[in-house]
Amino acid sequence: MPRENLNPFKIAQTQFERAAESLKLDPGSRKVLSMPKRELAVSIPVRMDDGRIEVFRGYRVQHNIARGPAKGGIRYHPGVTRDEVRALASWMTWKCACLDLPYGGGKGGIVVDPRKLSMGELERLTRRYASEILPVIGPEQDIPAPDVYTNSQTMAWIMDTYSMTKGSTALGVVTGKPVSLGGSKGRDIATARGVQFVLREACKDRKLKLAGATVAIQGYGNAGGTLASLLHEDDAKIVAASDSSAGLYDPKGLDPKALHAHKEAGKPFKAFKGPKVITNQQLLELNVDILCPSALENQITGANAAKVKAKIIAEAANGPTTPMADDNLFKRGRTVIPDILANAGGVTVSYFEWVQDFSSFFWEEDEVDKRLERAMVKAYRNVAETAKQHKCSLRDAAYIVAVGRVAEATRLRGLFP
Ligand code: NAD
């Protein structure tokens with residue numbers, strides 16, 4: 001078997017190229033759409049609690065702004081690289097277009113393990129990073145949001161740093177803020193809620209009952225942890241869940257509430273008593289109906305795809321499945337609900353938050369939820385229909401829809417100057 005290239009940006013470009021081929025895009029458009037529009041790399045000096053000065057590396061990449069301002073999260077993780085941020089930024093372009101949101105795609109990241117920093121260090125790191133990327137962000141320019149190991153507090157610090165520098169409060173510069181500070185009700189659960197809505201549709205298509213279905217969830221943070229609770233409410237049986245320390249497996253079903261309480265207490269899964277402890281790799285290969293990768297990229301690859309038994313794979317994470325794995329899963333009749341569709345609930349409610357900030361008029365949670373459901377179901381149905389027409393996977397179909405929209409916007413705008 002040929003060796004698989006696991007560089008996330010190369011993978012993102014391969015996914016784009018497949019759609020460009022189906023859409024018969026001209027070579028010029030392909031060049032424009034496959035590369036990031038703007039990349040900023042910054043050094044972030046931080047005074048640590050013990051008086052030392054550390055310098056961290058950070059990035060902000062804007063992949064495309066043809067359909068509106070760049071939009072995308074900020075990740076704090078030791079594994080962040082420029083190519084990972086480029087990939088995540090381009091996935092945001094396609095995700096926003098897939099949901100028909102008036103945004104382009106961006107992403108940011110800092111190479112850091114935030115679990116090793118105190119709150120004070122985290123705040124200083126965040127504020128200095130915000131100040132370094134300040135020239136390229138703004139409510140109408142590029143709007144960050146939370147991603148892995150960042151949260152509403154991180155967004156509050158960025159909003160404050162931006163506002164203090166500009167001299168007036170700019171709520172719309174970030175989304176995923178606390179509700180008491182211009183955030184939207186429902187944003188905290190939106191990513192998982194979106195996955196739940198499209199999973200319900202995919203289950204209907206596969207004639208699989210979500211109630212009683214067995215589910216394995218890799219990653220137990222904002223996306224995965226919340227998803228476990230929501231699917232539990234739908235009477236699905238969460239038989240396995242993992243965090244970065246270990247996986248837990250109980251064929252009789254895990255209790256998401258107990259797992260949350262454990263994580264809230266700051267403890268890793270490997271210290272959770274009761275269920276069998278398994279590895280993240282074993283979790284992916286369990287004999288379950290539904291698998292939800294909800295952590296990081298490159299989890300299902302050419303090396304393990306053939307061992308994945310789940311009927312439906314719902315990508316709450318970005319980039320968990322490689323193109324080689326995709327081909328294997330498609331051939332074996334598995335349904336992969338691709339990241340740019342499955343986890344788009346987060347950016348959709350981020351869009352709602354931004355709209356609410358601009359109009360200074362805030363919605364009740366049921367309104368957010370209804371609008372999110374409408375958006376997710378519509379996008380899923382459009383992608384599923386496209387997949388039928390092209391006899392292709394949902395991923396290829398989602399890219400055909402998204403790339404088609406961005407290419408159209410680019411064509412209509414024309415080339416400046
Ligand atoms: P988070 O920081 O809230 O949680 C991350 C979780 O992943 C933690 O439980 C952590 O223990 C676990 N994890 C880390 N490394 C792991 C590993 N090697 N194996 C297994 N688990 C591991 O992050 P999040 O916001 O839930 O993001 C998770 C994924 O969802 C990312 O791919 C992110 O880009 C994607 N996503 C998040 C949002 C959002 O709104 N937060 C929206 C769309 C997509």
Side-chain angles (χ1 to χ4, degrees), residues 8 11-25 30 33-34 63-64 66-67 71-72 87-105 107 191 194-206 223 291-294 297 300 312-330 333-348 351 372-409:
I11 289 175
Q13 286 183 314
T14 303
Q15 292 162 335
F16 161 76
E17 275 301 330
R18 285 165 78 135
E21 210 45 51
S22 298
L23 291 163
K24 301 192 174 44
L25 279 193
R30 289 186 198 205
L33 298 181
S34 67
H63 172 256
N64 189 284
R67 288 168 45 89
K71 183 89 194 78
L88 290 162
S90 66
W91 287 327
M92 285 307 298
T93 300
W94 312 131
K95 189 182 302 179
C96 292
C98 185
L99 267 284
D100 215 359
L101 306 177
Y103 287 136
K107 204 82 180 192
T191 302
V195 180
Q196 181 188 30
F197 288 138
V198 291
L199 249 180
R200 286 179 185 165
E201 296 304 304
C203 282
K204 273 187 228 160
D205 285 355
R206 285 203 68 125
L291 173 65
C292 304
S294 315
E297 299 92 62
I300 309 177
I312 300 178
I313 294 106
E315 296 184 332
N318 285 307
T321 313
T322 65
M324 205 184 258
D326 261 336
D327 288 343
N328 177 285
L329 295 166
F330 185 61
R334 269 53 186 176
T335 300
V336 178
I337 315 177
D339 46 10
I340 63 166
L341 169 64
N343 69 41
V347 70
T348 302
Y351 166 56
L372 175 63
E373 180 169 18
R374 217 179 302 149
M376 294 302 300
V377 171
K378 186 175 166 197
Y380 177 90
R381 284 290 143 216
N382 186 19
V383 168
E385 192 49 46
T386 306
K388 226 188 249 168
Q389 280 167 13
H390 288 257
K391 297 190 177 40
C392 66
S393 67
L394 292 181
R395 174 155 1 252
D396 284 338
Y399 272 81
I400 289 170
V401 169
V403 173
R405 283 179 179 156
V406 180
E408 161 90 352

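These figures come from a predicted structure and were not determined experimentally.
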Would you confirm whether His63, through its side chain, and Leu88, through its main-chain N or O, come within 3.5 Å as a donor-acceptor pair? no
If you measure from OH on Tyr380 to CG on Leu199, what distance do you get to the nearest 0.5 Å? 9.0 Å
I'd like to know if Arg30 and Glu21 make a salt bridge, using a cut-off of under 4.0 Å between side-chain N and carboxylate O. yes
Tell me, do Cys203 and Ile312 make a side-chain contact under 4.5 Å, heavy atoms counted? yes
Partners meeting ring-ring contact (aromatic ring centres under 6.0 Å, His included) with Tyr351 (sequence neighbours left out): Tyr103
Can you check whether Ala316's main-chain N or O pairs, donor with acceptor, with Asn343's side chain at less than 3.5 Å? yes
Does any part of the side chain of Asn318, heavy atoms only, come nearer than 4.5 Å to the side chain of Lys107, both counted from C-beta? yes
Looking at Trp91, is its backbone amide N or carbonyl O close enough to the side chain of Thr93 to form a donor-acceptor pair, meaning the two atoms are under 3.5 Å apart? no
Less than 4.5 Å apart, side chain to side chain, heavy atoms only: is that true for Lys95 and Leu101? no
Donor-acceptor check, side chain of Arg405 to backbone of Cys98, threshold 3.5 angstrom: yes or no? yes
Is there a side-chain contact between Ile313 and Thr335 in this structure, where contact means two heavy atoms from C-beta onward sitting under 4.5 Å apart? no
Ala314 and Pro293 have their tightest heavy-atom pair at O-CD, 3.3 Å
Run Leu329 and Ile300 through side chain to side chain contact (heavy atoms under 4.5 Å, CB included) and show every step you take. CA-CA 10 Å; Leu329 295 166; Ile300 309 177; 4.2 Å; yes
Looking only at side chains, do Glu315 and Thr321 share a donor and an acceptor under 3.5 Å apart? yes
Result for side-chain contact (heavy atoms from CB on, under 4.5 Å) between Arg395 and one of Asp339, Leu341, Ile400 points to Asp339
Side chain to side chain contact (heavy atoms under 4.5 Å, CB included) assessment of Ser393 paired with Asp326: CA-CA 8 Å; Ser393 67; Asp326 261 336; 5.8 Å; no
Please determine whether side chain to side chain contact (heavy atoms under 4.5 Å, CB included) holds for the pair Trp94 and Phe16, giving the CA-CA distance in whole Å, both sets of side-chain angles, and the decisive distance to 0.1 Å. CA-CA 9 Å; Trp94 312 131; Phe16 161 76; 3.5 Å; yes
Under 3.5 Å, is there a donor-acceptor pair between the side chain of Arg67 and the main chain of Gly104? no
When every non-hydrogen atom of Tyr399 is compared with those of Ala19, the smallest separation belongs to CB-CB, 3.6 Å
Quick one: which residue pairs count as a salt bridge (charged side-chain N to carboxylate O under 4.0 Å, His left out) with a foot in residues 377-394, not counting sequence neighbours? Glu201-Arg381, Asp205-Arg381
Is Met92 close to Ile340 at the side-chain level, that is, under 4.5 Å between some pair of heavy atoms? no
Please find the pair of heavy atoms, one from Ala384 and one from Leu394, that lie closest to each other, and give the distance. CA-CD2, 3.8 Å
Quick one, Leu25 and Leu33 - any side-chain contact, counting heavy atoms below 4.5 Å? yes
Find the distance between CD1 (Ile337) and CZ (Phe197) and round it off to the nearest 0.5 Å. 13.5 Å
Taking all non-hydrogen atoms of both residues, which atom of Arg18 and which atom of Asp327 are closest, and how far apart? NH2-OD1, 3.1 Å
Could you tell me if the side chain of Val347 sits less than 4.5 Å from the side chain of Cys96, heavy atoms only? yes
Non-hydrogen atoms of Ala397 and Ala387 that approach each other most closely: CB-N, 3.5 Å
Measure across Pro323 and Thr14 and return the closest heavy-atom pair with its distance rounded to 0.1 Å. CG-CG2, 4.1 Å
